[in-house]
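Below is one structure, written out as structure tokens, with a few remarks after it.
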Amino acid sequence: MRARVTVYPRPEILDPQGKAIHQALGRIGIEGVEKVRAGKSFEIDLSHQDPEEATKVLERICQKLLANTVVEDYEVELLPGGAG
Amino acid sequence: MRARVTVYPRPEILDPQGKAIHQALGRIGIEGVEKVRAGKSFEIDLSHQDPEEATKVLERICQKLLANTVVEDYEVELLPGGAG
Amino acid sequence: MKAGVIVFPGSNCDHDVYHVFRHVLGQEVEFLWHQEEDLASCDLVVLPGGFSYGDYLRSGALAALSPVMAAVQRHAERGGLVLGICNGFQILLEAGLLPGALVPNRSLRFECRDVWLRVERTDLPFTSGYKDRDVVRIPVAHMDGNFQASASTLDDLEDSNQVVFRYVDESGAVSSAANPNGSARNIAGLTNAEGNVLGMMPHPERCVEELLGNTDGLALFSGLIRETVGILQQEVAS
Amino acid sequence: MTPDLVASHGLTEDEYGNLCDLLGREPTFTELGVTSALWSEHCSYKSSKVYLREFPTEGPRVLQGPGENAGVVDVGYGWVAVFKMESHNHPSFIEPYQGAATGVGGILRDVFTMGARPVACMDALRFGAVDAPRMRHLVDGVVRGIGGYGNCVGIPTVGGETGFHPSYNGNILVNAFALGLARKEKIFHARASGAGNPVLYAGSRTGRDGIHGATMASESFDAESEAKRPTVQVGDPFMEKVLIEACLEAMGTDAIVAIQDMGAAGLTSTSFEMAGRGGVGLHLELDRIPLREEGLSPYEIMLSESQERMLLVAKRGREEALFEIFEKWGLEVAQIGSLTETGKAVIHSKGQVVAEIPVGPLTDQAPMYRRPVSVPADLEARQVAPEVPLPENPSQALKDMLCSPELASREWIWRQYDHTVRSNTVVGPGGDAALLRMKGTPQGLALTCDVNPIYCSLDPRRGGAQAVAEAVRNLACVGAEPVGLTDCLNFGNPENPEVSWQFRECVRGISDGCRALEVPVISGNVSFYNENEGQSIYPTPTVAMVGVVPKVENHPSSGFVDPGDRVILLGTDHREFGGAAYLRLLYDLEQGRPPEVDLEREGHLARLLRSGVDQGILKTAHDLSEGGLAVALAEACFSRLRGARLKFSGGVLDLFSESQARAVVGVDGSQVDGFLDLADRFGVPAEDLGEVGGSDLHIETEEASLILDVQELYKEWSTALPRALGM
Ligand SMILES: Nc1ncnc2c1ncn2[C@@H]1O[C@H](COP(=O)(O)OP(=O)(O)O)[C@@H](O)[C@H]1O
Ligand SMILES: [Mg+2]
């Protein structure tokens, strides 16, 4: 089973990287960008076959390691076609 | 229009970060993880309303800034409900 | 007094801290491996700077899961002293021994340079060697030194006087220009409510000898030793 | 083997014929790959060897000259210094972050592989014009890469060089230097010995990274190389850090016979070099090599340049001790073969022999060429003495020069490097030479790297000698006596006779300098084929030098210290403007023969400076280099933001002349007479220029005066580089 975890800085927390990218886009003349948030993405292959069980493990992984919940939010997504 | 860009190291390229995370999960006793790839995720708000045009701009942003195509692959995704 | 310096895979400043205690100040000091589970013999435990586990994922995140961190937690709960410098500070935050988080510098670049710090309180063992509101010059060398926390956490920290060091200019004034990394409220170091755990981004261990051109960090260590020895003597006496 | 396949491996017909003779048959595909790597320019030094022999490589302190992973010199108190410099030019042009990062990783491995703990790094960088395509991206990536790796590994980057010139628009230079310290009796060699001893592999797994990297470094750049590009090597500095700790710990046991990292051409060069040095054979089981992905062929495994990997020969029966240490540090380790008496490298994979090559003959019969040389057609015209215009506004001229990318402060770069970790840095980047203390001794070690490619292009022999002279001078400014030199010789295509000539002349110039100033060459590296679309870079023989300071606490500053200190100019000006920054930066003119290099005078000056430091008389010492006296004086004002009131006996132009063997020093007023006597005794002309003080730099000449507000000038100078780069 394959899953994707996405981690973003919480909205109220400073996101220096997102801001820098936004500014850089302006400098190179790309217009129409209103906001950029910079986060992390993890692709995880699990041996678990059961989506429910997989989700549980992924939750644990996020809480324990992938996200620092003081400043970050996370999202878990099971990828389609990964169920084999 | 809101979009998400995901950037990952190319499959044949060493991903020290993914490796380190995988090993750490093993150390803290989380089992069943077969592989971790660590990448980046960007959430981008655009003023463009037209999906085609938005995609074009996003492609440019990826090529110019978000992805280092020598070592990374990227993926652009328009988020549903963002079309307002 | 006896200090223990924890060695995580990727610690870099372990030898520098050891050098200060052992060779500059003549104290007993030992290295503690990150798998150690018993710190009882140490009065002070130092988490040194460096790039534990490469700082992959987030600075300090992987090291915070080391077996030794449970022991550090117990040591702190017993009232033992804990000092986290740079990566050590990051690990303390990730392990939840101190509140908040350290995110990438505002410049998104590594910053290696001297900064000025104001000592906000001197009633801690860590700062007893300084005078109130002392302004000292200490080097920083980090990528992720930008301290962030929710507004309420920041207010709590201020209200309970937990901010120990703040980035200031040479005259002691807080300003954005004096802030090397964008830390909220110019926070450079903070303590827990009990005052026995200190985390700080700057490196006092790099400025304790005249030969290296700066001794402003020395008072932190010498004060610590004086205090600890004092505490020990009281314990023996009672 | 089709001729095409042979040619695509960079082997000539003759070379291929030799290989067939040596084997007595046609090679297998793996053997072809292995041989092409070993006989590549990068590994075999086939075009450079004949000249490199001219270097003086011996001296009373030299314990190991060129030929090992790094050179070794005795620095007293039972310590030895181990150092080397290496190029990572082509990878850095393709992917600046990883290219530069893995350059640092590679040179660190060369040093700790000898048993030394790395204590300092330097980086010598040459970029194109700041507005050339991709250049900002390259500068940013390279600087981040060097910092990203060095900072993480915890070795301070204490110095370096940075230049900008259109000659590098299509081919930048990234030269990485590392210095390590070891106890004299604890040096390790990469000389395999003892049939039956196991061969161990430790560190990262093998992937498809950089296959053919060595061959690539031996080819020119063009549009096609994009397509041929091997998988980019990605560095894992954390892996390197634990590898350093584990290897140093393992070297503390008596279980290691030989050890070497896997660098260019990976397992191939490491196994053949180790066996070749020891005159033994070996058999390897490729199936036992830890792989990152499945399906690597024997060819790929032998040629992979995956980073952070080591090869060890263990004492038979003692391998367990090594396994334990590597595993403690969380590292993978595997026995992948053993040494034999056959003198052959026999490589097995999936039950088959995929290569069987006699080691000695393959290394001995590596090709060696004395390539045709010719003086560049345009040299004579370029050497014609230039017209030197007087500056309209001398103060403005100085300011413009100082704020050009070429002379602007490099602080934006080195602030991104941890230069104080390990708490040994007495003088970090920003001075003439970096200075480290040696804990537990009164001594210091000084480091510098130098070269002026403009000089080298206008007169390579002089340019080579000048690089050595400047390095010696920079060391002398902190009181250090040189103990050894390493170099990184960056040139264009050696098959071009003009490039070969430049190379030969530069090597001779360096040899001249080394002989006269008594500095042995103890290690080095050659990087050819630095060109883009047929356009060669300027000859760039970077020289890095290490020196010993007997009493480190006496070191002077490169800037003015206290108001009232006297400023003294040492050396003689000959109004020399060939290749000078004044003409280049203000009038876009690169013309004339570079300044004469009088090695005898350089020797006198260096001895005087060292003596002055040793006696504790010098408070300031800063040598004159690019931009001449005016630039040197301005720089001396910057470190403590001091002004100075000076009167100079020459004309305005003399302020910008680049005559060599000169320096400015600062001494306490009470010491002036004594110091002037000392200078006289050492045969160095000296002129008392005036006094430190005030907020302006005020220089009065015979013709006109310069007045500059130091604080203001500093602000411009210190921010000019990031401004020019748009960062
Ligand atoms: N890439 C770099 N990395 C670290 N330090 C650098 C780099 N480039 C220049 N420096 C430092 O900046 C200072 C000025 O360099 P340079 O002008 O080459 O000095 P010099 O003329 O004395 O050889 C030196 O201290 C040098 O070490
Ligand atoms: Mg100099």
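Note on naming: letters A, B, ... go to the chains in the order of the sequence lines (proteins, then strands), and numbering restarts at 1 for each one. On a predicted model such as this, the values are computed, not experimentally measured, just so you know. Keep in mind that the numbers below use all heavy atoms, side chains included, and drop hydrogens, waters and symmetry copies.
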> Should the heavy atoms of other residues, nucleotides or ligands under 6.0 Å from CZ of Arg109(C) be counted, would the total exceed 12?
Replying inline: yes
> Which residues from residues 12-22 of chain B are near chain C, with near meaning under 4.5 Å between non-hydrogen atoms?
Replying inline: Pro16(B), Gln17(B), Ala20(B), Ile21(B)
> Are there residues of residues 26-39 of chain B that reach to under 4.5 Å of chain C by heavy atoms, and which ones?
Replying inline: Arg27(B), Ile28(B)
>> Run the side-chain contact (heavy atoms from CB on, under 4.5 Å) test against Asn214(C) and tell me which residues pass, sequence neighbours left out.
In response: Arg137(C), Cys207(C), Asp216(C)
> Who are the ring pair (Phe, Tyr, Trp, His ring centres under 6.0 Å) partners of Phe51(C), not counting sequence neighbours?
Replying inline: none
